[in-house]
Each structure stands twice: as C-alpha cells, then as structure tokens.
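What follows is a set of notes on a single structure, which appears directly below.
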Amino acid sequence: MDVRVTSEPFDPGAEANAFIARTQGAGAAVTFTGIVRSKAEDPILALELECYVDLAQAQITAILAEAASRFSLLDATVIHRHGRLVPGEPIMQVMTAAPHREDAFRGAEFLMDYLKTDAPFWKKEVTPTGERWVEAKAEDDEARERWGQ
Amino acid sequence: MDVRVTSEPFDPGAEANAFIARTQGAGAAVTFTGIVRSKAEDPILALELECYVDLAQAQITAILAEAASRFSLLDATVIHRHGRLVPGEPIMQVMTAAPHREDAFRGAEFLMDYLKTDAPFWKKEVTPTGERWVEAKAEDDEARERWGQ
Amino acid sequence: MKVLYFAWLRERLNKGEEEVSPPAQVATVGDLIGWLAAEDEAAELAFAKRHLIRAAVDGKLATHETPVAGAEVVAFFPPMTGG
Amino acid sequence: MKVLYFAWLRERLNKGEEEVSPPAQVATVGDLIGWLAAEDEAAELAFAKRHLIRAAVDGKLATHETPVAGAEVVAFFPPMTGG
C-alpha cells in the first residue's frame with residue numbers, strides 16, 4: 001500500500017511497471033490514470049489542483065485499507081498530484097493487484113469513486129476567458145453511494 | 001484501435017505510456033494487465049498459450065469495434081501473447097481511453113470478459129508433476145453474459 | 001483555534017488560515033460557521049450556502065454537528081473534486 | 001477441405017491439421033464431427049464430449065449447425081481460455 005500526494009509530475013508507465021514488479025502472486029493488475037482534459041468546444045489552458053495535503057494523505061490511506069479488505073487486493077497504490085497542470089498531463093493514478101480480475105477492477109473503481117468525493121482536492125480550470133472552480137457532480141456522489149457506507 | 005497477437009514479450013508500462021501519448025482528448029485511461037500466476041500451494045513452472053492466430057486477430061478486432069461503439073471509447077488496444085511464459089510475466093494487456101472514467105472502466109471490463117470466452121487461446125499449465133489444460137470457467141461465461149448479445 | 005480555508009472559501013475570504021477564539025457556547029462545526037459569519041461580512045457571504053460547506057476537525061472529516069471544543073485545527077472547504 | 005485442431009484435440013489426435021474429403025451428405029459442423037469420429041477411433045474418443053467441441057468455419061466462429069458445404073478451413077477446439 002502506497003499513497004503519494006505530490007506536486008511533482010510522475011511517469012504513469014514507469015509507476016505501473018514498478019507496481020507490478022513489487023507485487024507477488026498477482027494474476028491481474030488494473031491501472032487507472034486520470035488526465036487533464038481540454039474540450040475542443042470549451043478549451044482550458046491549465047488545471048489548478050488545490051489540496052489539503054495532511055487530510056488527503058490520511059483519507060487516501062484509510063480508503064486504501066478499506067479497498068484492500070473489501071476486494072482481497074494484494075497491493076494498491078494511489079498517486080495524486082496537486083498544483084498547476086496542463087492538458088494531457090496525468091493528474092492521478094490508481095493501481096490495484098489481485099489474484100483475479102474482478103477484484104482488481106472493483107478495487108480500482110471503488111478507489112476512484114471514493115477519491116472523487118472524499119479526497120480533499122479542489123480543481124480550478126484556467127480558461128482563455130477566466131478561471132472557474134469545478135463543481136462536485138451529483139453523479140460522483142451516486143457512484144460512491146453504490147458501495148454503501 | 002490496435003490488436004497485437006504475438007509470441008514476443010511486451011513492456012506493460014511502455015505500452016501504457018505510448019497508448020496515453022497517442023490518445024487525444026482522454027480524461028481517463030484504464031489498463032488491465034494479466035500476469036502468469038503461480039500459487040504457493042499449487043505452483044506452476046510455466047504457462048503455455050496455444051493460439052489460432054488468424055481467428056484471434058479477427059475476433060479481437062471485432063470485439064474492439066463493439067467495445068468502442070458501446071462505451072464511447074476514444075481508443076482501445078489489446079496485446080495478447082502466446083507461446084511459453086513463466087510466472088510473473090505479462091500475458092496480455094487491454095487499454096482503453098475515454099473522456100470519462102465510467103466508460104474507460106466498462107470498456108476494459110467488457111473487453112476482458114469477451115477475451116476470456118471468445119478469443120481462441122488455450123492455456124496449459126506446466127507443473128512439477130506434469131501438464132494440464134486450464135478448463136474454461138462457468139463464471140467467465142456468466143461474466144460475458146451480463147453484456148447481452 | 002486555527003481555522004483553515006480552501007478553494008473558493010479561501011478566495012472569498014482572501015485568507016488561507018487564521019487564529020480565532022470563539023466563545024464557549026460555540027460547541028459544534030455549525031456553531032463555529034454561524035459565529036464566523038456573524039463576525040465578518042465577507043465570511044457571512046462566503047458561508048451563505050451552508051449545504052456546500054464541508055469541514056474537517058483536527059485532520060478528520062466532520063459534519064456540522066461535530067463538536068469543536070478543544071479542537072486545534074478546523075478546516076472549511078467546498079465539496080471535494082479529487083480524482 | 002482443411003481441418004485444424006487445437007489444444008487437447010490436437011494432442012489427442014496427434015495432429016494439428018489434415019486434409020479431408022467428406023461425402024456430400026456432411027452438411028454441417030455437427031455432421032463433420034460425426035463423420036470424422038466414425039472414420040477413426042482416436043477421433044471418436046477426442047470428439048466424445050460433443051458439448052465441449054467449438055468450431056470455426058473459414059475463420060469465423062461457428063456452431064454445430066453451421067453449414068460446411070464449400071468451406072475451405074474448418075477448425076475444432078475446446079472452449080477458449082484467453083485473457
């Protein structure tokens with residue numbers, strides 16, 4: 001289990017390889033990478049991620065432990081950046097490893113749903129015409145609800 | 001869309017990075033890596049994958065097209081090895097990219113469920129006491145059924 | 001007691017943290033919000049939509065009913081948008 | 001007509017492919033299985049569990065009801081275990 005809340009860039013593939021290499025006995029590894037997206041019809045210049053670092057570290061650590069026990073994960077890692085990112089840059093990455101694919105998938109989705117609603121990051125989009133805070137989505141709350149309390 | 005049926009090893013992280021780099025407009029990328037697993041209580045020395053290469057290429061190409069249209073994928077790639085592999089080696093990898101995470105996850109799971117039941121590969125485990133063909137699992141058929149026809 | 005502000009709360013209040021000394025009757029997170037809003041016009045506006053105000057007390061996520069007596073750090077922020 | 005065998009079918013028959021010339025009344029994949037099994041004792045054993053026999057005709061997955069008239073390549077194999 002590893003949690004890294006950082007303002008530094010990371011290499012998604014190198015992290016995935018290191019994760020797979022250090023996990024013994026896995027038959028399945030799932031990696032989710034979140035990427036800064038700029039829509040053609042509504043472009044952004046940058047994404048600024050604000051973070052309450054101490055709380056983020058504590059929250060993600062707790063969510064990882066919960067995911068590991070629910071889904072029999074052999075290992076799981078979350079990397080989450082904060083600071084200013086440009087379109088195409090990786091924002092965050094979740095990696096899970098399990099004996100079988102169902103658990104690896106479920107664990108990664110569970111972690112993503114919880115990170116969306118329970119990890120103290122706030123996104124601000126910098127656009128050609130100004131800045132705007134990204135609003136929390138009702139669908140993210142609903143996605144989280146499906147896992148129960 | 002890319003399908004690679006090969007007896008050559010591949011680098012999971014390098015493939016994931018190349019996939020992310022060539023996909024414009026993605027907010028979410030999911031990578032599933034299947035790895036040769038040897039259980040402590042029932043170890044294997046190697047996994048031999050037999051393949052009907054022409055049919056595999058055709059089947060995976062069709063499954064990718066179906067996944068892309070069902071889940072609004074921006075891109076998807078399947079790499080699948082055949083031949084003799086040792087424990088810890090990557091067997092195959094599925095990569096999906098989409099604007100949002102739900103589609104990237106659903107697309108990768110759909111591809112995995114179809115590959116398990118509809119891609120012409122056959123696994124033989126080489127153990128210290130002999131060889132045995134891996135039997136198809138009823139749970140894989142059930143997993144595939146959930147996507148309908 | 002130290003109070004932290006994040007995201008648009010920080011911007012609207014034009015500060016990321018401050019030291020406050022609420023009176024003894026400020027027992028919960030909700031009481032603290034009410035007291036801060038009553039002390040300052042910018043805070044009244046920033047905290048206007050109470051249902052959008054999330055909080056953490058001493059590094060743990062809290063609700064508006066969570067006690068703040070003896071707390072060292074209370075953080076206020078909008079709904080989180082991580083991931 | 002070329003016939004391909006994979007996995008334990010290939011092992012039990014001790015061959016990966018062969019050329020066959022079934023008579024005209026062999027109309028479907030199922031008929032072809034029956035004819036192959038009747039021709040050869042090893043094939044009779046290999047094909048004994050019909051429900052485990054999958055097939056492809058000219059590079060497309062087939063059922064036991066799929067016609068084989070005019071087919072160039074028919075492949076037989078057990079349930080697939082890819083992924």
Side-chain angles (χ1 to χ4, degrees), chain A residues 3 5 32-37 47-63 78-82 85 90-94 108-125 130-144 149, chain C residues 1-20 22 28-30 32-33 36-37 42-83:
Chain A
V3 177
V5 175
F32 176 92
T33 310
I35 300 160
V36 180
R37 189 164 77 101
L47 186 68
E48 289 183 355
L49 276 120
E50 188 168 331
C51 174
Y52 182 2
V53 175
D54 290 350
L55 184 62
Q57 194 81 29
Q59 285 288 108
I60 299 173
T61 300
I63 297 168
V78 173
I79 302 167
H80 206 308
R81 287 187 67 186
H82 54 92
L85 285 74
I91 303 169
M92 50 80 61
Q93 185 154 298
V94 159
E109 290 185 76
F110 174 89
L111 284 166
M112 283 309 303
D113 286 346
Y114 270 70
L115 288 172
K116 287 275 173 191
T117 58
D118 287 30
F121 294 85
W122 300 274
K123 292 186 179 123
K124 185 158 77 171
E125 293 177 334
E131 301 180 342
R132 62 187 175 220
W133 289 98
V134 174
E135 284 185 39
K137 293 183 203 150
E139 68 200 54
D140 285 332
D141 287 329
E142 288 158 18
R144 183 194 179 292
Q149 189 36 64
Chain C
M1 177 190 291
K2 184 192 275 190
V3 181
L4 308 179
Y5 304 108
F6 291 94
W8 50 254
L9 270 172
R10 174 184 53 71
E11 286 185 338
R12 289 183 197 172
L13 294 166
N14 204 26
K15 58 192 166 197
E17 60 177 84
E18 66 179 327
E19 283 290 334
V20 300
T28 66
V29 166
L32 182 59
I33 293 171
L36 288 164
E44 192 182 349
L45 285 168
F47 284 118
K49 293 188 174 171
R50 297 290 162 97
H51 68 286
L52 290 181
I53 308 298
R54 302 287 183 273
V57 175
D58 288 337
K60 285 210 169 84
L61 281 187
T63 69
H64 288 203
E65 286 69 51
T66 302
V68 292
E72 294 184 2
V73 182
V74 178
F76 291 109
F77 41 82
M80 296 166 271
T81 55

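Order of the sequence lines fixes the chain letters, A, B, ..., with proteins taken first and strands second; residue numbering starts at 1 for each chain.
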Most heavy-atom pairs under 4.5 Å with chain C, out of Ala136(A), Ala119(A), Cys51(A), belong to Ala119(A)
Exercise. Take atom CD of Glu72(C) as the centre, draw a 6.0 Å sphere, and report whether it contains more than 12 heavy atoms from other residues, nucleotides or ligands.
Key: no
Bottom line for Ala56(C): the part with an atom under 4.5 Å from chain A's heavy atoms is side chain
Per-residue tally against chain C (heavy atom, under 4.5 Å) across Ile91(A), Asp141(A), Asp118(A) peaks at Asp118(A)
So, the part of Glu135(A) with a heavy atom under 4.5 Å from chain C: the answer is backbone
Counting heavy-atom pairs under 4.5 Å with chain C, the top scorer among His80(A), Glu48(A), His82(A) is His80(A)
One option among Arg54(C), Glu11(C), Lys60(C) has the most heavy-atom pairs under 4.5 Å with chain A, and it is Glu11(C)
Honestly, the part of Leu52(C) sitting under 4.5 Å from a heavy atom of chain A is neither
Separation between CG (Asp54(A)) and CG (Asp58(C)), nearest 0.5 Å, reads 11.5 Å
Exercise. Which class fits the ring pair Trp122(A) and Phe6(C): parallel under 30°, tilted 30 to 60°, perpendicular over 60°?
Worked result: parallel
- Message: Just so I know, are the side chains of Arg10(C) and Glu50(A) near enough to count as touching, which here means a heavy-atom distance under 4.5 Å?
- Response: yes
Do Thr81(C) side-chain atoms and Lys123(A) backbone N/O form a donor-acceptor pair below 3.5 Å? yes
